[in-house]
Amino acid sequence: MCSRFQQVQRLQRLTLAPTSRVLTRNVHQSSRHNTAIQGPAPTSPSAQLLSTKTYCQGSTPKSVLARLPTSSVARSYMITAMSSSPALLGLTFTVLRKMLDSKNYLMDVERNPLIRTLLKSTFYAQFCAGDKAHEVKPNLAAARSVLGYDGVIIEYALEVLGGSEPTAAETAAEIEVWRKGMMKSVEMASEGDFIGLKWSGLGRHALHLLQNQQDATPEMWSAITEACDAAAAKGICLLPGAEEEITNIGLEKWTTALQKKYNTKEYGRALIYTTYQCYLRAVPARIAQHLEKASKGGYIAGVKLVRGAYLNSEAPGTCFDTKEGTDACYDACAATVLRQSWSDSISPSNPSVAFPAVNIVLATHNLATITSAKAIRASQMLVTSPENLPRLTYAQLQGMADEISQSLVQDPTMKADENAKVVKLLAWGTMTECLNFLIRRAAENKEASFRTEDTRRAMGAELWRRMKGVFGLA
């Protein structure tokens, strides 16, 4: 076993080392994000991760993907191989969209057994944990005990992106579906886990209220606070997701009100986080406003950073034109909250306002961002104990960037940072409820082809390593 001193020394050597060999690829995420490659690229980031051995003195080096089941490795390889083909990925995207919109029996994933079996064994199995507790719970347990994650994000995938205004009876029924799904998520979660959710999952009327920046109805608020109270009782945190920008201001209004109610110093941590999509130009200013409110209100700010998943549906001019712009925004926001210090990017309207207590979730598949965050934490640990640092969680989606997630959980230097952990997001719900979630994953794979190519190579190398072991090849 490594001593804590050895772990801290190794953390400093690894995370403060130059990263120019790692920061080799920048990929634009849509037709508005023109592809660019910067610097030499002799080895992809994921290939470097795959070759990284995680060990303390006296242990045997091993592949970082060794914990993954072969079925998972093979499926990841197949799906990322499809993602490298624009034609195949475009066809997949089209088919998933038709499944969501079509009322035809042939395209109905709940009624057509052939379509259901095909989807469930491929994209659904890759990105979702199941639709019933008996399917979900074993996957949650395996994420912790087999794959070694410090916890999970359980996300009930139900969300609403549009539709006609419902009747009062329909509104009540939609709220109840969301309430039951949330309470089931809390029931399946363990202390220290997170629950992912969509406020729009409360139904079409909720979406209308959010888009018009109106308050939740008493019935909606009752369902929301019931979920919050149940989560608080079990020591579970809630991560309301960002959605399309037309909805986000309303989302943030609801979430900020809940942070003030639940993220108290007495509770000791953030129960509710706000999710910020860093491809949006307005995000740094909104983060500054919310941090200033938390400071004045005396509560803990929960900050979850993502790059964004609704790029193709955002209005022109709301997003950065290049991926470099998005990356710079994300990294600047991350550095500000990690350092707990106002910056040029994020500053209060009143310079005398102190920076608030903050808990952080960095939801990213970007190796450069993770390397940068670890470097900041390492420099902080030179002058203070880890317990004095803000709670930090690195999060990735099930079925994506497993080579990065596994490298993190097996990195012995992470054990020196007592307030940092690594989690994996596992979505659950019926295949119909999960279709919007799956469509966004297909879109992400389409728009970030270089990243999925890195994963494909990592999974291919791992499959080859296992085949060599089976057949005794050198």
Side-chain angles (χ1 to χ4, degrees), residues 8 11-12 14-19 23 237 239 252 255-256 259-260 263-265 267-307 320 324-364 366 368-395 413-414 416-421:
V8 172
L11 175 69
Q12 293 164 359
L14 290 180
T15 59
L16 295 178
T19 57
L23 310 182
C237 302
L239 300 175
E252 291 164 10
T255 305
T256 300
Q259 286 198 12
K260 186 175 181 179
N263 292 9
T264 63
K265 299 292 177 64
Y267 186 67
R269 59 178 169 177
L271 174 74
I272 306 288
Y273 287 69
T274 301
T275 300
Y276 301 97
Q277 298 185 113
C278 292
Y279 64 22
L280 296 167
R281 296 176 183 273
V283 151
R286 294 220 296 269
I287 294 177
Q289 291 171 4
H290 297 161
L291 292 177
E292 188 170 358
K293 283 184 179 179
S295 181
K296 292 177 178 177
Y299 58 89
I300 301 168
V303 175
K304 176 189 170 190
L305 299 179
V306 301
R307 278 173 166 75
F320 290 101
E324 287 89 346
T326 296
D327 289 343
C329 178
Y330 190 108
D331 292 342
C333 293
T336 299
V337 293
L338 285 168
R339 294 189 176 111
Q340 298 183 92
S341 177
W342 302 114
S343 64
D344 292 339
S345 299
I346 297 177
S347 58
S349 60
N350 182 352
S352 66
V353 173
F355 201 92
V358 63
N359 291 177
I360 307 155
V361 173
L362 297 182
T364 180
N366 187 294
T369 291
I370 292 170
T371 302
S372 177
K374 290 178 67 179
I376 291 171
R377 294 287 279 201
S379 65
Q380 292 172 322
M381 288 170 63
L382 293 173
V383 296
T384 189
S385 299
E387 57 265 26
N388 295 327
L389 298 176
R391 292 174 182 267
L392 169 63
T393 302
Y394 298 99
T413 65
M414 287 290 294
D417 192 345
E418 298 172 2
N419 258 353
K421 62 182 183 179

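Everything numeric here is computed off the predicted structure, so don't read it as measured data. Index from 1, following the sequence. Atoms considered below: every heavy atom in the structure, side chains included; atoms not considered: hydrogens, waters and symmetry mates.
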Assess whether side chain to side chain contact (heavy atoms under 4.5 Å, CB included) is satisfied between Thr255 and Thr275, documenting all intermediate values.
CA-CA 9 Å; Thr255 305; Thr275 300; over 6 Å; no

Go through the steps for Phe355 and Arg339 under the test side chain to side chain contact (heavy atoms under 4.5 Å, CB included), then give the verdict.
CA-CA 10 Å; Phe355 201 92; Arg339 294 189 176 111; over 6 Å; no

Please evaluate residues Thr274 and Arg286 with respect to the criterion side chain to side chain contact (heavy atoms under 4.5 Å, CB included), reporting the C-alpha separation (whole Å), side-chain torsions for both, the decisive distance (0.1 Å), and the verdict.
CA-CA 11 Å; Thr274 301; Arg286 294 220 296 269; over 6 Å; no

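For the pair Asn263 (side chain) and Ile300 (backbone), a donor-acceptor distance under 3.5 Å is present. Formation of a donor-acceptor pair under 3.5 Å by the Ser295 side chain with backbone atoms of Ala354 is found in this model. No side-chain donor-acceptor contact under 3.5 Å links Gln259 to the backbone of Ala294. Side chain of Thr336 to main chain of Ala332: a donor-acceptor pair is present (N/O by atom type, distance under 3.5 Å, no hydrogens or angles). One N or O on the side chain of Glu292 and one on the backbone of Ser349 form a donor-acceptor pair closer than 3.5 Å. Remark: side-chain polar atoms of Thr364 are paired, donor with acceptor, to backbone N or O of Asn366 under 3.5 angstrom. A donor-acceptor distance shorter than 3.5 angstrom exists from the side chain of Thr256 to the backbone of Glu252, with no hydrogens or angles considered. Judged by distance alone, with hydrogens and angles left aside, the side-chain atoms of Ser385 form no donor-acceptor pair with the main-chain N or O of Asn388 at under 3.5 Å. Between the side chain of Ser347 and the main chain of Asp344, no donor-acceptor pair closer than 3.5 Å is present. Checking side-chain atoms of Asn419 against main-chain N and O of Leu389 turns up a donor-acceptor pair under 3.5 Å.
Distance CE/Met381 to CD/Glu418: 8.0 Å, rounded to 0.5 Å. Taking CZ from Arg307 and OG1 from Thr369, the interatomic distance works out to 3.5 Å, rounded to the nearest 0.5 Å. Atoms OG and NZ, on Ser372 and Lys374 in that order, are 12.0 Å from each other to the nearest 0.5 Å. With values rounded to the nearest 0.5 angstrom, Arg391 atom CZ is found 7.5 Å from Cys237 atom SG. Rounding to the nearest 0.5 Å places SG of Cys329 at 7.5 Å from CD1 of Ile346. Rounding to the nearest 0.5 Å gives a distance of 10.5 Å between CG of Asp327 and CZ of Phe320.
Only one option out of Val283, Val306, Val337 pairs with Tyr276 in a side-chain contact (heavy atoms from CB on, under 4.5 Å); it is Val283.
For the pair Ala270 and Asn359, the tightest heavy-atom approach, listed with the atom from each and the gap, is N-OD1, 2.8 Å. Across all their heavy atoms, Lys304 and Tyr273 have their closest contact at N-CD2, 4.2 Å. Taking both residues in full, the closest heavy atoms of Ala420 and Met414 are given as CB-CE, 4.2 Å, listed atom of the first, atom of the second, then distance.
Within the 4.5 Å cutoff, the side chain of Cys333 has no heavy atoms near those of the Ser345 side chain. Side-chain contact between Leu338 and Ile360 is present, with heavy atoms from C-beta onward closer than 4.5 Å. Side-chain contact between Pro390 and Arg377 is present, with at least one heavy-atom pair separated by less than 4.5 Å.
By the 6.0 Å contact criterion, NZ on Lys421 is enclosed, its count of non-hydrogen atoms from other residues, nucleotides or ligands being greater than 12.
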